Amino acid sequence: MIPAGGEKSSIIRMFHVHLNYGPKKALIDITLDIAKNQFVFISGPSGAGKTTLLKLFYYGEPVSEGQVLIDGINLNRIPRKRIPYLRRKFGIIFQDYKLIPSKTVYENVALVLEAAGKKPRLIQKKVKSVLRLVDMEDRLKSFPPSLSGGEQQRIAVARAIVGDPKIILADEPTGSLDDDSADTVLELLRGVHIRGATVIIATHDKTLIRKTGGHVLYLKQGRLETSTFIEKKYDNTIF
Amino acid sequence: MIPAGGEKSSIIRMFHVHLNYGPKKALIDITLDIAKNQFVFISGPSGAGKTTLLKLFYYGEPVSEGQVLIDGINLNRIPRKRIPYLRRKFGIIFQDYKLIPSKTVYENVALVLEAAGKKPRLIQKKVKSVLRLVDMEDRLKSFPPSLSGGEQQRIAVARAIVGDPKIILADEPTGSLDDDSADTVLELLRGVHIRGATVIIATHDKTLIRKTGGHVLYLKQGRLETSTFIEKKYDNTIF
Amino acid sequence: MITLYFKRAIDDIFKNRFLNLVTVITISLSILIASSFILFFVNAGAVINSWKKGLRIMAYLEPTISKTGLEELKHAILSIDGVQRLQYIPKQEALRRLKAQMKHQASLFENLTDNPLPDSFEIRMTAIADSWQKIESVAARIESLPWVDEVEYGQRWFARFAYITTLFRLASYAMGILFFMAIVFIVANTIRLVIYSRREEVEIMRLVGATDNFIKIPFYIEGLIQGALGAILGLGVLFSSFVFITSNMDQGVLPDLFHLQFLSTAIVTGIIISSMLVGWLGCYISLKQFLNA
Amino acid sequence: MITLYFKRAIDDIFKNRFLNLVTVITISLSILIASSFILFFVNAGAVINSWKKGLRIMAYLEPTISKTGLEELKHAILSIDGVQRLQYIPKQEALRRLKAQMKHQASLFENLTDNPLPDSFEIRMTAIADSWQKIESVAARIESLPWVDEVEYGQRWFARFAYITTLFRLASYAMGILFFMAIVFIVANTIRLVIYSRREEVEIMRLVGATDNFIKIPFYIEGLIQGALGAILGLGVLFSSFVFITSNMDQGVLPDLFHLQFLSTAIVTGIIISSMLVGWLGCYISLKQFLNA
Ligand SMILES: Nc1ncnc2c1ncn2[C@@H]1O[C@H](COP(=O)(O)OP(=O)(O)OP(=O)(O)O)[C@@H](O)[C@H]1O
Ligand SMILES: Nc1ncnc2c1ncn2[C@@H]1O[C@H](COP(=O)(O)OP(=O)(O)OP(=O)(O)O)[C@@H](O)[C@H]1O
Ligand SMILES: [Mg+2]
Ligand SMILES: [Mg+2]
């Protein structure tokens with residue numbers, strides 16, 4: 001993970017990106033380069049700009065200045081019509097889950113595949129299997145508001161991985177989970193990584209980073225402070 | 001913390017409480033007794049019933065069976081009119097924050113005091129000071145949707161403590177916070193505790209429990225499994 | 001305390017601009033429909049009344065009637081309920097009128113030496129006594145009076161006219177009730193949608209210990225304000241259209257027959273107050289529903 | 001593909017029962033207002049037309065007219081635009097009618113040896129030719145024909161009548177346009193509120209890679225279904241009230257003069273289709289707004 005590096009295999013590149021929310025400078029002069037199949041953490045204190053940075057990747061927000069290239073596409077020049085296709089490259093676990101309250105768990109997860117025009121047969125099989133992975137196969141017909149925080153988060157994880165996306169963006173994917181569930185989710189993300197996806201996790205949780213290891217981008221007040229590689233450490237402090 | 005104990009100074013008592021959501025048994029035969037000015041953790045895996053248990057305290061949900069006594073009031077017999085006054089005994093940090101998106105940060109926090117009929121002068125002073133405590137005094141006029149996850153959580157904390165409630169219910173109060181912010185919040189809750197409030201924190205985060213120490217109620221699949229006292233341990237594993 | 005609620009209500013209106021705009025527009029359109037309907041019927045009623053002025057009963061008198069008998073008869077007729085005024089028409093006058101009316105058959109009168117027509121009373125009814133039955137009964141009572149030879153009251157024409165005005169009145173009542181109810185429901189429905197989309201906010205307020213009144217009163221004030229604004233806007237548009245249409249029309253068609261009139265101040269005030277009540281009612285019902293849920 | 005969209009739309013309707021119910025009720029009330037208004041004017045129009053049948057132009061002929069002249073004149077009059085039919089009234093018939101009409105002045109005719117009245121044509125106009133100007137111009141053309149001595153067409157009465165029907169027609173057009181626009185806005189506003197309260201859902205769909213069409217089409221289908229349901233419900237209520245009112249009324253007032261009629265199948269179909277279009281349009285506009293925001 002070398003910022004502004006020019007490797008052939010990079011999937012996300014940013015050049016001198018700024019993002020302002022009105023007078024507020026949320027991101028300042030970010031330059032980075034994420035290679036295909038990397039496992040990256042974005043860390044930093046509350047309000048540092050982690051979520052905002054992820055937003056720029058999937059065009060959740062246009063940059064105020066600078067260039068973003070996703071899989072070769074320059075987002076400054078992407079036509080409106082192509083945005084849905086850009087977003088299908090991503091599987092996103094949102095910090096606030098963003099589940100549709102009026103749709104069942106099954107429908108929420110199936111939505112990604114339906115939107116991508118997949119066959120009903122395939123959808124059913126995939127959705128069920130992915131819900132089994134997050135241990136929610138018995139809540140298919142529940143509605144998100146009747147789920148616990150952790151359960152909602154696991155549905156969000158399921159939805160993010162169901163479409164076999166090229167890139168996973170996970171914003172605090174284990175914030176509401178106990179250690180066991182968190183490990184399950186982490187295992188899932190690692191599995192997706194092994195099968196070839198690029199995984200980007202925004203988190204403030206140092207334990208999580210230590211558990212897996214990977215490239216760490218450290219943000220502070222909108223600036224990319226450091227970019228280091230952290231080795232996987234087994235940390236077995238038990239309760 | 002002795003379940004079903006009969007101490008004079010208990011503020012929350014539950015006798016054989018059950019809670020069913022339709023066929024789903026969310027809480028099963030819970031009996032507990034929390035004394036005034038205790039510092040209690042409710043722990044357990046995702047979906048164990050932590051949030052649901054807190055709901056029963058402030059009559060967010062009526063019990064299916066059993067008795068709940070809050071500060072001497074039997075919730076099975078509370079008249080509708082008294083519920084707002086019951087709720088003013090509590091300061092609640094909700095797991096999903098529950099901030100009003102169309103009101104500013106300032107207004108969200110001030111709401112608690114306005115609803116309690118406090119004087120505008122006092123409200124202004126208190127709200128500003130409490131927002132300073134959570135390090136959000138410069139975001140008075142922001143709206144919650146434009147805040148980061150951690151910032152929203154800190155507003156939720158501010159709102160919970162602004163009214164000097166007798167009891168603080170904190171549902172994963174540091175789930176979205178980095179270590180430093182989490183420590184600030186924890187310090188705040190400890191401060192409130194020292195000034196006489198009963199503090200109840202629902203969390204799956206063992207580190208958090210170890211940092212402070214206190215009574216721990218461990219829930220699993222809706223049952224109260226164990227109830228122990230954990231000593232404060234300084235755990236200085238740094239990133 | 002009440003100023004605090006007012007402050008919160010005003011603040012809320014600005015905070016939820018989109019929702020409030022939609023509500024006010026819906027109310028104003030509803031008021032526009034209702035008030036244009038009222039305007040139409042007020043003017044149509046005026047037209048009908050001006051027609052009714054043409055209604056009269058002719059009472060033909062016996063030639064033997066004396067001067068005092070004439071006076072007595074006059075008082076007897078005027079004392080009948082529903083009679084507004086009457087005019088004595090001596091036979092000379094009757095012949096003159098007939099000649100004027102029948103200028104194409106004027107040859108008929110050429111070799112007339114003697115006036116064969118009777119004296120008569122032309123009797124006008126009050127505006128309220130316009131039903132067929134009423135006229136019939138008045139005519140029958142007049143006919144039974146002494147010295148009255150015969151009465152005449154254009155039966156066929158009047159029957160039709162009475163039928164139509166009755167129909168018109170029935171239709172306007174039915175539509176009036178229907179429109180009123182429909183509009184109350186539409187406005188209440190809109191407000192319900194608005195409150196539905198703010199139910200999370202209401203729920204949060206309850207969770208932090210707000211009483212029902214604390215939550216409701218600003219909504220009520222908002223409802224009243226929206227109702228007033230909507231009514232004023234709707235009536236404003238109606239008034240502008242009215243002025244526009246009448247000023248463009250009066251040149252085309254005979255302008256001196258009726259004067260189209262706008263709604264009276266009393267009706268306008270009534271509409272604004274009703275609108276405010278409906279705004280409040282919509283809030284009341286919706287909040288009751290969401291707070292008890 | 002389209003069945004999939006239909007499935008999603010139907011599913012959505014059930015999932016958002018409250019919102020859909022409110023929308024359908026608002027649409028049905030709006031349709032109720034619009035269609036009762038149309039119903040009123042259709043029947044009022046029928047009443048006016050039945051009155052118009054009483055309108056006629058009398059053309060009094062010169063006594064010197066020959067048999068062939070009569071035929072020629074008849075054809076000449078019939079060929080005038082706006083004339084529907086005409087009837088020849090010989091002077092004997094005219095006198096008979098006059099006597100019947102003036103039974104109270106019968107004494108006038110007592111010592112009449114010779115018939116002084118002229119022969120005449122009674123000319124009826126087509127229903128469309130009811131404007132004051134039209135009648136006037138037809139009358140003028142008839143008067144200019146040979147052998148026509150004079151024409152008569154109850155000027156004063158007709159002027160008033162024409163003024164009122166014109167007024168009525170203008171008012172109904174103005175109200176029709178106004179009601180239509182108001183209702184379109186109200187329905188669109190309601191749908192906009194519904195979509196506003198579902199904007200989060202729309203936003204989430206976009207975030208997980210749904211195309212605009214994938215999001216919009218089920219909403220469009222819902223809009224069409226809601227429009228249809230609302231129209232059917234509104235018309236159903238109108239029909240029931242109509243049946244109820246007419247069956248209770250016909251006994252009271254003369255039933256044989258006009259037959260009140262319900263809306264024709266064509267109008268009903270038109271209303272349903274318009275309602276569906278409005279439902280769709282409401283979705284279209286709102287989605288455009290929220291998707292581009
Ligand atoms: N829509 C917005 N309008 C204005 N300011 C915003 C908006 N969204 C985010 N911000 C601000 O930008 C900064 C970065 O926000 P961001 O959500 O990226 O933080 P974060 O690193 O994800 O924090 P956390 O760990 O608390 O989630 C914050 O100070 C936030 O208040
Ligand atoms: N309204 C509801 N209807 C049906 N089931 C519900 C409802 N609310 C909660 N549940 C279920 O009750 C169980 C306990 O939920 P609760 O929110 O208390 O869990 P929790 O311990 O807070 O979990 P977490 O750590 O994930 O927040 C869960 O399985 C949840 O799905
Ligand atoms: Mg964030
Ligand atoms: Mg919980």
Side-chain angles (χ1 to χ4, degrees), chain A residues 21-22 24 26 41 43-52 55 94-97 134-136 138-139 142 144-154 171-172 174-182 184-185 202-210 216 218-220 228 230 233 235 237-239, chain B residues 21-22 24 26 41 43-52 94-97 134-136 138-139 142 144-154 171-172 174-182 184-185 202-210 216 218-220 222 228 230 233 235 237-239:
Chain A
Y21 287 116
K24 164 108 198 164
F41 287 99
S43 185
S46 173
K50 302 182 289 297
T51 303
T52 307
K55 267 192 194 159
F94 296 94
Q95 192 169 9
D96 52 357
Y97 319 142
V134 296
D135 205 23
M136 290 295 291
D138 51 340
R139 301 301 291 271
S142 299
S146 77
L147 297 179
S148 82
E151 287 164 350
Q152 292 184 37
Q153 189 156 47
R154 283 180 277 158
D171 200 352
E172 303 289 0
T174 59
S176 305
L177 294 176
D178 57 289
D179 292 352
D180 289 352
S181 308
T184 311
V185 167
T203 185
H204 52 68
D205 187 350
K206 289 160 189 170
T207 327
L208 188 71
I209 301 178
R210 264 178 281 139
V216 179
Y218 191 80
L219 283 174
K220 201 169 166 189
T228 44
I230 302 280
K233 283 188 212 166
D235 165 280
T237 29
I238 319 168
F239 174 52
Chain B
Y21 286 117
K24 164 109 196 162
F41 287 99
S43 184
S46 174
K50 304 182 288 297
T51 302
T52 307
F94 297 94
Q95 192 170 9
D96 53 356
Y97 320 142
V134 296
D135 206 24
M136 291 294 292
D138 53 339
R139 300 303 289 271
S142 298
S146 78
L147 296 180
S148 82
E151 287 165 348
Q152 291 184 37
Q153 189 156 46
R154 282 180 278 158
D171 201 353
E172 304 288 0
T174 59
S176 305
L177 294 177
D178 58 289
D179 293 350
D180 289 350
S181 309
T184 311
V185 167
T203 186
H204 53 68
D205 188 349
K206 290 161 188 168
T207 327
L208 188 70
I209 301 178
R210 264 178 282 140
V216 178
Y218 191 79
L219 284 175
K220 200 170 167 189
T228 44
I230 302 280
K233 284 186 213 168
D235 166 282
T237 30
I238 320 168
F239 175 54

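Only a predicted model underlies this, so the values are computations on that prediction, with no experimental measurement involved.
- Taking B:Gln152, B:Gln95, B:Gln153 one by one and counting their heavy-atom pairs under 4.5 Å with chain A, the maximum is reached by B:Gln95.
- Contacts of B:Lys24 with chain A are made by side-chain atoms alone, with heavy-atom separations under 4.5 Å and no backbone atom involved.
- Highest contact tally toward chain B, considering only A:Ser148, A:Gly44, A:Ala182, A:Ser181, is held by A:Ser148 [criterion: heavy-atom pairs under 4.5 Å].
- Between the CD atom of B:Glu151 and the OG1 atom of A:Thr51 there is a distance of 9.5 Å, given to the nearest 0.5 Å.
- For the atom pair CE (B:Met136) and OG (A:Ser46), the distance works out to 7.5 Å, reported to the nearest 0.5 Å.
- Taking CG of A:Asp179 as the start and CG of B:Asp205 as the end, the distance is 7.5 Å to the nearest 0.5 Å.
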Exercise for review: Please test B:Glu172 against A:Ser176 for side-chain contact (heavy atoms from CB on, under 4.5 Å), starting from the C-alpha separation and ending with a verdict.
Suggested key: CA-CA 8 Å; B:Glu172 304 288 0; A:Ser176 305; 5.8 Å; no
